[in-house]
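Structure first, then comments.
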Amino acid sequence: METAIVVFTRDLRLHDNPALAAACRQAAHVVPAFVVHQPLIALSPNRARFLRDCLADVRQGLRERQADLVIRQGDPVAEVMRLAAETGVQGIFIAGDVSHYADRRREGLARECARHRLQLTVTPGLTVVPPGELRPAGGDHYQVFTPYWRAWAAATWRRPVPAPEIVRLPAGLRAGSFPPNAQADSPALAPGGEGAAQQRAERWLRDGLAGYAGNHDALAADRTSRLSACLRFGCLSPLALASAARRQPGGEELCRQLAWRDFFYQVTAAFPDMARKDYRAAADGRWNHDEDALDAWRAGRTGVPIVDAGLRQLAAEGFMHNRARMITASFLTRNLRIDWRHGYRHFGRLLADGDVACNAGNWQWVAGTGNNRRPNRVLNPLRQARRFDRAGDYVRRYVPELAGVAAEHIQAPWQLPPGQRRQLGYPAPVVDLS
């Protein structure tokens, strides 16, 4: 074909981008495009800032290859079709995705492409293994992780594709400008973009992978990769990361975490209402309506230090340690008995890595409405704190009121003498943990 459009969505990279590679292979001229849909951008100032970093990096990489990133603003389907008419394209390439929003976009493009006799190609790229590729006998998706993990580990993966050397853009196109530079909610939000992601990944694979299996749950050690936002926006290829980790000592545990990500994508592909409805009915579907407790939880003022530390990390960094995510989610849904959807929305606003599949999948897993084989399991916050933050260093980092409290009391400061408790300026627990 003479001209094709590549619609960038959550694959904001040039390396291992199957949609871009296929378009460059099949078309003489390629229009790399991104449509800014303001209602989606407005959901999270943190993700808006991270997205802008990613778009700037993609544009720079394309300019180095004699092209540019064409930015349009508005409804994605309408703007892509307007661009198609402007450039006289024969084909449109886009990465497959899961969620109601992605389904509507894909269906809209398919309908318009059929009407205008254009070729629509949907490629992999957002996961290691595409969501519908692995199916259990007699079912459309895996509902339990362990058998999925076995199938995932045994699957044949596609090979990562290199970045194109040159992208030939049609002449005369207006490149368009980025969305306004958003003010992030979290002051310590990490930078986004393909270059920063690759540097971070290479450094972590070299220095952090070997000890990952034994240390990734230790809250104060912070031995996680911190690559989740890079994966969420696709400025890092999950397949390239898994392929690199698979060949190294200690890589199996990272691959397992990437398989969890793929697992929730294939669940969401089969159950697009993952962020709205219970995947399976809870044993006790009654939720408390306690706005004061919910506000205290959001603010990191529950009076339970390990919970408050996690929520304050989220507010400061747009990121939360995975073990802290589980503890804070269990506290909200199990101790306070507040609907998981409130937690999902709070995380969704602040997390740079927040997406439908992983955010909703993990919240439902903890709440007992999702893919947990032990749906009645409760994570006792004190037991979790003593196991994963024994010395209290994670709490001290994010809850400065407790910085001077000794290790034996830092996870349960309500056990201190009354006078000492008052001097801390730290609230009493919102719920009795005894």
Side-chain angles (χ1 to χ4, degrees), residues 10-22 24-25 54 57-58 61 95-96 123-135 142 145-165 190-218 221-266 319 321-323 353 355 357-358 361:
R10 297 202 297 121
D11 53 346
L12 298 175
R13 62 181 184 272
L14 304 188
H15 79 285
D16 190 41
N17 189 318
L20 178 63
C24 289
R25 188 170 60 248
C54 295
D57 211 60
V58 169
T123 68
L126 300 192
T127 54
V128 180
V129 178
E133 194 167 293
L134 303 177
R135 298 175 186 269
Y142 282 91
F145 175 73
T146 301
Y148 178 80
W149 161 239
R150 287 195 293 263
W152 187 93
T156 300
W157 301 347
R158 67 173 178 85
R159 291 187 177 182
V161 294
E165 293 183 6
E194 183 175 14
Q198 287 189 320
Q199 290 177 10
R200 197 175 303 142
E202 289 169 5
R203 184 169 58 248
W204 189 79
L205 287 169
R206 183 185 65 242
D207 302 332
L209 182 62
Y212 179 67
N215 294 298
H216 69 92
D217 273 328
D222 199 14
R223 295 292 295 272
T224 62
S225 68
R226 294 228 179 193
L227 294 171
S228 54
C230 303
L231 293 167
R232 184 255 184 261
F233 280 93
C235 49
L236 183 68
S237 161
L239 175 67
L241 180 62
S243 299
R246 203 178 202 180
R247 298 189 295 267
Q248 297 187 39
E252 182 179 5
E253 183 57 33
L254 177 62
C255 284
R256 185 180 176 88
Q257 298 303 317
L258 291 170
W260 267 111
R261 181 176 182 271
D262 282 11
F263 174 76
F264 285 131
Y265 272 71
Q266 59 98 40
F319 171 86
H321 192 289
N322 187 60
R323 175 56 57 174
D353 61 45
D355 69 6
C358 294

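Nothing fancy with the numbering, it's 1 onward along the sequence.
For the pair R256 and W152, the cation-pi criterion (under 6.0 Å, within 45° of the ring axis) is not fulfilled.
Using a distance-only test at 3.5 Å, with no hydrogens or angles considered, no donor-acceptor pair links the side chain of R261 to the main chain of P238. In terms of modelled atom types and a separation under 3.5 Å, the side chain of D11 and the main chain of G125 share no donor-acceptor contact.
Within a 6.0 Å sphere centred on CD of E252, other residues, nucleotides and ligands contribute 12 heavy atoms or fewer.
By the side chain to side chain contact (heavy atoms under 4.5 Å, CB included) test, D57 pairs with E194, sequence neighbours left out. Under the side chain to side chain contact (heavy atoms under 4.5 Å, CB included) criterion, R247 pairs with S243, A244, sequence neighbours left out. D355 pairs by the salt bridge (charged side-chain N to carboxylate O under 4.0 Å, His left out) definition with R10, not counting sequence neighbours. Evaluation of the ring-ring contact (aromatic ring centres under 6.0 Å, His included) rule for F233 yields F50 as partners, not counting sequence neighbours. With sequence neighbours excluded, the residues satisfying side chain to side chain donor-acceptor pair (under 3.5 Å) with S237 are D16. Every side chain to side chain donor-acceptor pair (under 3.5 Å) that D217 has, sequence neighbours left out, goes to R323. Applying the ring-ring contact (aromatic ring centres under 6.0 Å, His included) criterion to F263, with sequence neighbours excluded, gives F145, Y148, W260. Judged as a side chain to side chain donor-acceptor pair (under 3.5 Å), and not counting sequence neighbours, S225 has no contacts. Here R200 pairs with nothing under the salt bridge (charged side-chain N to carboxylate O under 4.0 Å, His left out) rule; sequence neighbours left out. In this structure Y212 satisfies the ring-ring contact (aromatic ring centres under 6.0 Å, His included) test together with W204, H216, sequence neighbours excluded. Partners of N322 according to the side chain to side chain donor-acceptor pair (under 3.5 Å) rule, which considers only residues two or more places apart in sequence or in another chain, do not exist here. Residues satisfying the side chain to side chain contact (heavy atoms under 4.5 Å, CB included) test with A210, not counting sequence neighbours, are none.
Note that the SG atom of C235 and the CZ atom of R13 stand 9.0 Å from one another [nearest 0.5 Å]. A distance of 8.5 Å separates SG in C358 from CG in D262, rounded to the nearest 0.5 Å. Rounded to the nearest 0.5 Å, atoms CD (Q248) and CG (L205) are 5.5 Å apart. Rounding to the nearest 0.5 Å places CD of Q257 at 11.0 Å from OG of S228. How far OG1 of T127 is from CG of L239: 9.0 Å, rounded to the nearest 0.5 Å. Here the straight-line distance linking atom OG1 of T123 with atom CG of L20 works out to 9.5 Å at 0.5 Å rounding.
Scanning all heavy atoms of the two residues, the minimum distance from F264 to A357 falls at CB-O, 3.5 Å. In this structure, Y142 and A151 approach most closely via the heavy-atom pair OH-CB, 3.6 Å. In this structure, L209 and G250 approach most closely via the heavy-atom pair CD1-O, 3.7 Å. Nearest heavy atom pair, residue P131 against residue Y265, reads CB-O, 4.1 Å. When all heavy atoms of L258 and A242 are compared, the pair lying nearest together is CD1-CB, 3.7 Å.
No side-chain heavy atom of P124 sits under 4.5 Å from any side-chain heavy atom of E133. In this structure, L241 and V128 have side chains that are not in contact, with every pair of non-hydrogen atoms separated by 4.5 Å or more. Inter-residue side-chain proximity for D353 and L231 is flagged as unmet; no heavy-atom pair is nearer than 4.5 Å.
Donor-acceptor pairing under 3.5 Å is lacking for the side chains of Q198 and E202.
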Exercise for review: Begin from the C-alpha positions of V129 and L134 and carry the test side-chain contact (heavy atoms from CB on, under 4.5 Å) through to its verdict.
Suggested key: CA-CA 8 Å; V129 178; L134 303 177; 3.8 Å; yes
